[in-house]
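Have a look at the structure below before the remarks.
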Amino acid sequence: MEMNNILEVTLFSEIPVPEDINEMLVNGEEAVASYKTFRDSVTFTTKRIIVRDSQGMTGKKVEIYSIPYKIIDIWSSENARGMFDLNAEIELWTRTGRFKIKLDKKIDIREIDMLIANAVL
């Protein structure tokens with residue numbers, strides 16, 4: 001059975017945790033790492049992955065996706081090798097669907113893979 005992606009994002013570089021994301025964290029939750037996407041950010045915390053998605057021409061409307069680690073059933077990681085392979089990928093399968101996170105070659109996929117493993121296992 002083929003499952004469509006609920007969300008697909010590409011991470012370009014690590015950034016400081018955005019201030020509005022810090023304001024969303026619950027008691028005992030800490031931001032571990034944030035990454036710039038084309039227009040927004042993805043933050044990995046100790047409890048979930050937070051995807052910030054600005055919408056519209058002005059970007060004032062912001063949609064937040066919160067993916068708790070506890071809903072991740074399986075995940076896969078594929079590193080970028082060779083000259084023509086531009087992105088590494090992590091795919092997350094959950095009860096609600098599949099999420100794909102592409103990573104620029106500059107980002108260490110094993111670091112994110114371990115972050116997810118430590119949170120899920």
Do [X] and [Y] have side chains that get closer than 4.5 Å, going by heavy atoms?
X     : Y      : answer
Ile49 : Leu92  : yes
Thr37 : Val42  : yes
Ile90 : Ile112 : yes

Open item on the list: Working to the nearest 0.5 angstrom, can you tell me the gap between Lys106 NZ and Leu11 CG?
Closed with: 11.5 Å
What are the two closest non-hydrogen atoms of [X] and [Y], and how far apart are they?
X      : Y      : value
Thr45  : Leu115 : O-CD2, 4.3 Å
Ser41  : Ile15  : CB-CD1, 4.0 Å
Tyr35  : Glu111 : OH-OE2, 3.5 Å
Pro18  : Ser34  : CD-OG, 3.6 Å
Ile109 : Glu78  : CD1-O, 3.3 Å
Ile6   : Gly97  : CD1-CA, 3.4 Å

Task: same_hphob_cluster(Phe12, Val9) at 4.5 Å side-chain heavy-atom cutoff - done: no
Result block: side-chain N/O donor-acceptor pairs under 3.5 angstrom for residues 19-28, not counting sequence neighbours:
unit_1, atom_1, unit_2, atom_2, d
Asp20, OD2, Arg52, NE, 2.6
Asp20, OD2, Arg52, NH2, 3.3

Task: From CA spacing to verdict: side chain to side chain contact (heavy atoms under 4.5 Å, CB included), Asp53, Val62 - done: CA-CA 6 Å; Asp53 181 21; Val62 176; over 6 Å; no
Task: Test item: Asn118 side-chain N/O and Met114 main-chain N/O as donor-acceptor pair under 3.5 Å - done: yes
Open item on the list: Closer than 3.5 angstrom, by distance alone: can the side chain of Thr46 be matched with the main-chain N or O of Glu30 as a donor-acceptor pair?
Closed with: yes
- [ ] With Trp75 as reference, evaluate Thr94, Ile116, Ile101 under the side chain to side chain contact (heavy atoms under 4.5 Å, CB included) test and give the passing residue.
- [x] Ile116
Task: Val51 vs Asp40, side chain to side chain contact (heavy atoms under 4.5 Å, CB included): CA-CA, chis, key distance, verdict - done: CA-CA 8 Å; Val51 179; Asp40 296 297; over 6 Å; no
- [ ] Begin from the C-alpha positions of Arg95 and Asp73 and carry the test side chain to side chain contact (heavy atoms under 4.5 Å, CB included) through to its verdict.
- [x] CA-CA 7 Å; Arg95 292 178 290 272; Asp73 295 319; 3.7 Å; yes
Task: Verdict with supporting geometry, Thr96 and Trp93, side chain to side chain contact (heavy atoms under 4.5 Å, CB included) - done: CA-CA 8 Å; Thr96 57; Trp93 283 266; over 6 Å; no
TODO: Go through Glu29 and Arg48 one step at a time and tell me if the salt bridge (Lys or Arg N to Asp or Glu O under 4.0 Å) criterion holds.
DONE: CA-CA 9 Å; Glu29 182 179 23; Arg48 59 188 162 157; 2.7 Å; yes
Open item on the list: For Lys100, give me all partners under side chain to side chain contact (heavy atoms under 4.5 Å, CB included), at least two apart in sequence or on another chain.
Closed with: Asn5, Glu8, Glu89, Glu91, Lys102
